[in-house]
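The first residue in the sequence is number 1, and the count goes up from there. In what follows, every heavy atom counts, from backbone to side chain, and hydrogens, waters and symmetry copies are set aside.
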Amino acid sequence: MGGNGVLYPILGFASCVAFIYMSFGDLKLSSLPKGLSLSFVERNGSHFILDGKPLYVNGWNSYWLMAHSMDENSRGRVSVMLQAGAKMGLTVCRTWAFNDGGYEALQISPGQFDERVFQTVLTRKNTITGIEYRNDPTIFAWELINEPRCMSDPSGDTLQEWIEEMTGFIKSIDKNHLLTIGLEGLYGPKSPKSAVNPGEWASTLGSDFVRNSNITNVDFTSVHIYPDHWFHDLGFEEKQRYVSKWVRSHIEDCDEELKKPVMFTEYGLSNQNKDFQASQREQFYRTILDIIYKSAKKKGSGVGALVWQFLVEGIEEYNDDFGLVPWETPSIHKLTIQQSCRLARIQGLNQQTGNLKQLCS
């Protein structure tokens with residue numbers, strides 16, 4: 001996309017996604033110890049760094065926060081969700097920061113983006129704090145586009161050029177925040193790891209995890225985990241084995257080649273599977289979270305994961321076959337807290353931070 005919004009055949013479900021940073025489970029800046037300010041999260045090689053110390057992420061997706069925050073009648077649900085996340089020790093929430101079509105749209109039409117709106121988002125001033133978004137450490141990172149594909153150019157060159165241009169543009173405006181692309185994690189046709197893909201179709205979509213992520217302005221890599229979308233004939237145990245291989249493969253890429261952090265920014269298990277049982281979600285989540293914990297414990301590049309998706313009561317129209325209200329599923333609620341606590345212990349945080357100290361005792 002050039003300055004006039006030149007058309008590119010780039011497809012993605014969303015653009016300009018924000019990661020809200022919650023300071024180790026504490027919801028507001030005012031809840032931090034007196035005299036302590038919130039710093040920007042940085043990258044050092046394959047690790048996130050905050051105030052000189054490694055940071056690992058346990059978080060979630062609630063893409064609907066922006067829509068509900070605009071209406072006084074529904075705004076309270078945003079606070080309820082963020083407070084619930086804080087009580088579970090979660091540190092990052094991924095949410096939309098754009099309009100798709102209509103007034104002030106970021107994506108004007110399929111494949112056509114308005115560069116001006118990118119800049120408007122980054123330079124918008126928070127009406128409560130008076131801080132421009134690009135200067136606000138409450139924002140953990142930006143994501144360029146969710147699940148980008150360019151099926152008209154399976155070579156990947158078109159998407160690669162677009163990512164190079166747009167990451168450079170974002171960084172020219174905002175040098176404070178980390179930036180990721182929003183990839184699914186698929187390997188391209190020339191990748192030695194194309195056999196790891198969920199099928200031959202996956203290498204024809206114009207994206208390549210390693211090639212795209214190796215761009216200088218990309219600070220960390222992103223991967224999604226949806227075996228239900230990828231495999232329709234496999235049973236739960238077979239999907240579990242594949243997911244384990246998928247997660248380990250991308251951590252290996254980032255440990256050995258990319259030397260960047262990898263965050264699994266969406267993972268979920270559909271309740272529409274013909275063999276679905278509620279207990280499977282806990283098993284599925286645990287498989288992913290255990291691998292990340294083991295990577296973090298040995299100081300590897302697996303830095304965190306964000307479940308898709310958490311909701312609160314009363315917003316059924318935003319739910320899908322992956323969503324859940326966490327406190328209504330005690331096993332998931334307990335597992336989520338366990339992951340927050342064991343990542344906090346690696347960082348030595350539960351003895352220092354009020355919310356986590358109480359949560360993990």
Side-chain angles (χ1 to χ4, degrees), residues 1-3 5-21 40-41 43 48 59 61 63 66 92-101 104-124 133-134 136 139-151 153 156-186 188 205-224 250 254 258 260-266 306 308:
M1 172 182 39
V6 178
L7 178 64
Y8 283 91
I10 307 296
L11 300 180
F13 290 112
S15 296
C16 208
V17 177
F19 296 77
I20 302 171
Y21 173 51
F40 288 98
V41 177
R43 176 176 75 91
F48 291 144
N61 285 271
Y63 76 95
M66 185 183 75
V92 171
C93 175
R94 178 172 172 261
T95 192
W96 281 4
F98 71 101
N99 284 331
D100 211 16
E104 294 288 10
L106 180 56
Q107 185 169 213
I108 303 168
S109 61
Q112 188 172 11
F113 299 84
D114 188 342
E115 189 174 278
R116 177 185 55 83
V117 179
F118 269 110
Q119 185 164 353
T120 300
V121 172
L122 296 173
T123 60
R124 183 185 185 276
Y133 285 176
R134 60 181 171 179
D136 191 345
I139 297 172
F140 172 86
W142 298 109
E143 180 178 286
L144 184 61
I145 179 170
N146 185 54
E147 299 184 348
R149 298 177 176 184
C150 186
M151 290 170 281
D153 183 7
D157 291 344
T158 300
L159 181 59
Q160 183 77 1
E161 291 172 6
W162 187 85
I163 295 171
E164 289 175 349
E165 179 182 359
M166 291 312 305
T167 54
F169 176 71
I170 296 295
K171 286 291 189 177
S172 72
I173 301 171
D174 182 352
K175 296 179 174 60
N176 290 320
H177 289 102
L178 300 174
L179 178 62
T180 193
I181 301 168
L183 296 172
E184 298 163 89
L186 305 176
L205 304 179
S207 67
D208 186 309
F209 173 73
V210 174
R211 183 188 181 195
N212 299 153
S213 300
N214 211 20
I215 293 172
T216 301
N217 286 315
V218 175
D219 296 301
F220 66 98
T221 71
S222 58
V223 180
H224 293 179
H250 290 85
C254 293
L258 292 169
K260 294 182 180 183
V262 55
M263 188 146 70
F264 297 87
T265 51
E266 290 186 29
L306 311 175
W308 184 278

Query - Test side-chain hydrogen bond (donor to acceptor under 3.5 Å, both in side chains) applied to Glu266 - qualifying residues, sequence neighbours left out - result: Arg94, Tyr226

Report summary line: In this structure, OG of Ser207 is separated from CG of Leu159 (nearest 0.5 Å) by 6.5 Å

Query - Plane angle bin for Phe220 and Phe140 - parallel if under 30°, tilted between 30 and 60°, otherwise perpendicular - result: perpendicular

**Report entry** Identified side-chain contact (heavy atoms from CB on, under 4.5 Å) partner of Ile163 from the options Asn212, Asn217, Ile145
**Finding:** Asn212

Query - Glu184 CD to His224 NE2 distance, which is reported to the nearest 0.5 Å - result: 7.0 Å

Query raised in the report: What distance separates Ser222 OG from Lys260 NZ, expressed to the nearest 0.5 Å?
Result: 11.0 Å

Report task. Could you check Asn214, Leu258, Ile181, Leu183 and say which one makes a side-chain contact (heavy atoms from CB on, under 4.5 Å) with Thr221? Result -> Leu258

Query - Distance-minimising heavy-atom pair for Phe209 and Cys254 - result: CZ-SG, 4.0 Å

Query raised in the report: Thr167 side chain to Glu164 main-chain N or O, any donor-acceptor pair under 3.5 Å?
Result: yes

**Report entry** Leu144 CG to Leu179 CG distance, which is reported to the nearest 0.5 Å
**Finding:** 6.5 Å

Query raised in the report: Measuring from Trp142:CH2 to Asp174:CG, what's the distance to the nearest 0.5 Å?
Result: 7.0 Å

Requested in this report: Using side-chain contact (heavy atoms from CB on, under 4.5 Å) as the criterion, point out the one residue from Val41, Leu306, Asn61 that pairs with Val92.
Outcome: Leu306

Requested in this report: Could you list the residues that satisfy ring pair (Phe, Tyr, Trp, His ring centres under 6.0 Å) with Tyr133, not counting sequence neighbours?
Outcome: none

**Report entry** Residues Asp219 and Lys171 bridged, charged N to O under 4.0 Å
**Finding:** yes

Query raised in the report: Can you tell me how far NE2 of His177 sits from CD1 of Ile139, rounded to the nearest 0.5 angstrom?
Result: 5.0 Å

